[in-house]
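Each chain gets a letter, A, B and so on, in the order the sequences are listed, and its residues count up from 1. Not measured: the values here are computed from a predicted model.
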2 protein chains.
Amino acid sequence: MPTHYQGSAQEVLALNTFIKFTRGYESMTARLAQSGVLGDLTVSQFGVLEALYHLGSMCQGEISGKLLKSCGNITLVLDNLEKRGLVRRERDPEDRRMVTVSLTQAGEALIAQIFPRQVAAIVAELSCLTPEEQELLGKLCKKLGVRSSI
Amino acid sequence: MPTHYQGSAQEVLALNTFIKFTRGYESMTARLAQSGVLGDLTVSQFGVLEALYHLGSMCQGEISGKLLKSCGNITLVLDNLEKRGLVRRERDPEDRRMVTVSLTQAGEALIAQIFPRQVAAIVAELSCLTPEEQELLGKLCKKLGVRSSI
DNA sequence: TGATATTATTTCAATATCAAAACATTAGTG
DNA sequence: CACTAATGTTTTGATATTGAAATAATATCA
């Protein structure tokens, strides 16, 4: 479904690229989410557990930064994870403004079980690209991602 | 921030590609949303207006399909657009299960004003890639998008 | 024709998400 | 020390999003 927009060649190219990029991302992540690999975790909950698992305990602001989500959002996601006993929150005794978040045993066990399955699902999703194509896609996306505001 | 996962070369490549892809998409769309180009429209509302603008009136199920969103979601987004007088809903007299959605004059005027600005913002976002790179990115993303479940 | 299946939309409950305001705590400065 | 920044988190109100259940309308077929 290319754009119907009547614009310059540059505009049409950029728009079509944007549409394919967006649809590629959205359809891929939708398939991953629907694959059942995450069990009853939401994508956000998985993201938080995965960050804590691989990077270790950190405060909420750091989680917010890593996942590119607002602090208010992280507060809610952590509330839900805490209710289920998957993470623990502790006020930092050094600086009582901050809350240090860490995985509980249950949280660590769960993410240790789910993460490899998610990796397998991602490998399968990307298997339609050769290793060279994956490398290339990564490089192009990196250029789009890092752009500090010009 | 590459993956910290200790896996096979294939797994590490796929994961790193996935991370760059995700971050490229999320940081780019976050910048577009924050650019102010959309005024007080949300991204979803813009998506609906844009589809109606370029593809013409259609029923809710079609909108849902084009935007890859659930029908329940589209119902809500349309409620909000309808409150603002930007779209009109009419039961299809041929098949009264369906609701045909069309732009009002106000809706058409608004999207006609906003769309070119959004195009300009997208062109600017993609300007860090050469036309050849954009072409290539589009091709790679298309492979990821169209994959019917293997 | 009448029972059943299919299709389109809405409703509901839960989670996500943001921006802005409110709070709490710490840091800095005169 | 007291007043003011700045920082980190929570709260609030609005919109988004899904999946499942509920509704409504149409199609099918015995």
Side-chain angles (χ1 to χ4, degrees), chain A residues 22 25-27 29-36 38-49 51 57-84 86-102, chain B residues 22 25-27 29-49 51 57-84 86-101:
Chain A
T22 298
Y25 172 80
E26 288 177 353
S27 59
T29 51
R31 284 193 301 269
L32 282 174
Q34 285 174 340
S35 70
L38 263 36
D40 56 357
L41 288 179
T42 66
V43 172
S44 294
Q45 291 170 350
F46 173 80
V48 170
L49 295 184
S57 301
M58 53 186 135
C59 77
Q60 300 192 187
E62 281 177 272
I63 298 176
S64 160
K66 302 277 181 210
L67 304 188
L68 306 178
K69 297 289 148 79
S70 70
C71 283
N73 181 21
I74 296 302
T75 293
L76 178 76
V77 175
L78 286 173
D79 286 347
N80 289 322
L81 287 171
E82 203 176 26
K83 271 181 215 157
R84 295 180 51 182
L86 299 174
V87 301
R88 178 176 30 245
R89 280 200 264 213
E90 288 158 316
R91 282 275 159 199
D92 184 331
E94 304 291 310
D95 183 341
R96 296 188 37 73
R97 287 171 299 186
M98 288 194 272
V99 177
T100 303
V101 185
S102 30
Chain B
T22 298
Y25 173 81
E26 287 178 354
S27 60
T29 52
R31 285 193 301 269
L32 282 173
Q34 284 174 341
S35 70
V37 165
L38 262 35
D40 55 357
L41 288 179
T42 67
V43 173
S44 294
Q45 291 170 351
F46 173 81
V48 170
L49 294 184
S57 301
M58 53 185 134
C59 76
Q60 300 191 188
E62 281 178 271
I63 298 176
S64 161
K66 301 276 182 212
L67 304 188
L68 306 178
K69 297 290 149 79
S70 70
C71 284
N73 180 22
I74 295 303
T75 293
L76 179 76
V77 175
L78 287 173
D79 286 347
N80 289 322
L81 287 172
E82 202 175 27
K83 272 181 213 157
R84 296 179 51 182
L86 300 174
V87 300
R88 180 178 27 246
R89 281 201 263 213
E90 289 158 316
R91 282 275 160 198
D92 185 332
E94 304 291 309
D95 183 341
R96 296 187 38 72
R97 287 172 300 186
M98 289 194 270
V99 177
T100 303
V101 185

- CG-SG distance between A:Asp95 and A:Cys59, expressed to the nearest 0.5 angstrom: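 Result: 9.0 Å between the selected atoms.
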- Does A:Ser102 reach the side chain of A:Glu90, with side-chain heavy atoms less than 4.5 Å apart?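 In short, these two side chains touch, coming nearer than 4.5 Å.
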- Side-chain heavy atoms of A:Leu86 within contact of A:Leu41, under 4.5 Å: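 Sidechains of A:Leu41 and A:Leu86: in contact.
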- Is D:dA5 in the syn or the anti form, by the rule that syn lies within 90° of 0?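 Judged by the O4'-C1' to base torsion, D:dA5 sits in syn, the angle falling within 90° of 0.
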- Query: D:dT28 C1' sits how many Å from B:Arg97 CZ, rounded?
  - Reply: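 B:Arg97 atom CZ is separated from D:dT28 atom C1' by 12 Å.
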- Task: Could you say whether A:Arg89 or A:Gln34 is positioned toward the 5' end of DNA chain D, judged by the nucleotide with the nearest heavy atom to each?
- Result: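 The answer here is A:Arg89.
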- Task: Report yes or no: does B:Thr100 contribute a side-chain atom to a donor-acceptor pair with the main-chain N or O of B:Met58 at less than 3.5 Å?
- Result: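 Not at all, since once roles are kept as given, no pair shorter than 3.5 Å links the two residues.
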- Task: Check every strand shown and say whether B:Ser70 touches a base, only sugar-phosphate, or nothing at a heavy-atom separation below 4.0 Å.
- Result: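 The answer is base, as B:Ser70 lies within the cut-off (heavy atoms under 4.0 Å) of a base atom.
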- Could you state the CG-P distance from B:Asp95 to D:dT26, rounded to the nearest angstrom?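 For the pair B:Asp95 CG and D:dT26 P, the rounded distance is 6 Å.
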- Message: Between B:Leu32 and B:Val37, is there a side-chain heavy-atom distance shorter than 4.5 Å?
- Response: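 No. Closest side-chain heavy atoms not under 4.5 Å.
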- Query: Who passes side chain to side chain contact (heavy atoms under 4.5 Å, CB included) against A:Leu76, sequence neighbours left out?
  - Reply: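 Testing A:Leu76 for side chain to side chain contact (heavy atoms under 4.5 Å, CB included), a comparison that skips the adjacent residues, returns A:Asn80.
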- Of all residues at least two apart in sequence or in a different chain, which pass the side chain to side chain contact (heavy atoms under 4.5 Å, CB included) check with A:Thr29?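 Here the qualifying residues are A:Tyr25.
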- Item | Residue whose nearest DNA chain C nucleotide is more 5′ - B:Thr100 or A:Val43 |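 Looking at DNA chain C, the more 5' nearest nucleotide goes with B:Thr100.
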- Task: Could you check how far CD of A:Gln60 sits from C1' of D:dT7, rounded to whole Å?
- Result: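 Atom CD in A:Gln60 sits about 14 Å away from atom C1' in D:dT7.
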- Query: Do you know the tightest heavy-atom contact between A:Ser64 and A:Ser70?
  - Reply: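 Where A:Ser64 meets A:Ser70 most closely, the heavy atoms are OG-C, 3.8 Å.
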For nucleotides 2-5 of chain D, give me every protein contact, N/O to N/O, under 3.5 Å, one pair per line with atom names.
none

- Got a sec? Which of residues 71-82 of chain A come in under 4.0 Å of DNA chain C, heavy atoms?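 Here the set is A:Asn73, A:Leu76, A:Val77, A:Asn80.
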- Message: What range of DNA chain C does chain B touch, first nucleotide to last, counting atoms under 4.0 Å from its heavy atoms?
- Response: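 So the outermost contacting nucleotides come out as C:dT6 to C:dA19.
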- Message: Tell me the interatomic distance from A:Lys66, atom NZ, to D:dG8, atom P, rounded to whole angstroms.
- Response: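 Roughly 14 Å, once rounded to whole Å.
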- Query: Would you say A:Arg91's side chain and A:Arg97's backbone share a donor-acceptor pair under 3.5 angstrom?
  - Reply: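 Flag set: sc A:Arg91 to bb A:Arg97 pair under 3.5 Å.
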- Taking the nucleotide of DNA chain D with the closest heavy atom to each, which residue, B:Gln45 or A:Val99, is nearer the 5' end?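 Per heavy-atom nearest nucleotide, the more 5' residue is A:Val99.
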- If you round to the nearest 0.5 Å, how far is OG of B:Ser44 from CD1 of B:Ile63?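 Nearest 0.5 Å value for the CD1-OG distance: 12.0 Å.
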- In which stems does DNA chain D show up, taking only runs of three or more Watson-Crick or G-U wobble pairs whose two distances fall under 3.5 Å?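 Counting only runs of 3 or more consecutive pairs, the stems involving DNA chain D are C:1-25 with D:6-30, C:27-30 with D:1-4.
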- Query: Expressed in angstrom and rounded to an integer, what is the separation of A:Met58 atom CE from D:dG8 atom P?
  - Reply: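 Distance check: A:Met58 CE to D:dG8 P gives 15 Å.
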- Query: Once you round to the nearest 0.5 Å, how far does CD of A:Glu82 lie from OG1 of A:Thr75?
  - Reply: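 One finds 10.5 Å between CD of A:Glu82 and OG1 of A:Thr75.
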- Query: Got more than 12 heavy atoms from elsewhere within 6.0 Å of CZ, A:Arg84?
  - Reply: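 Yes, because the 6.0 Å sphere around CZ of A:Arg84 holds more than 12 heavy atoms from other groups.
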- B:Arg96, nearest nucleotide to its side chain (from D:dT9, D:dA25, D:dA16):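 Selected nucleotide (nearest to the side chain): D:dA25.
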- Item | Interatomic distance, A:Ile63 CD1 vs D:dT10 P [rounded to whole Å] |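 So the CD1-P distance, A:Ile63 to D:dT10, works out to 10 Å.
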- Item | Gap between atom CD of A:Gln45 and atom CG of A:Asp40 - 0.5 Å precision |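 These two atoms lie 8.0 Å from each other.
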- Could you state the interatomic distance from CG (A:Leu81) to CD1 (A:Ile74), rounded to the nearest 0.5 Å?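 Here the rounded value is 9.5 Å.
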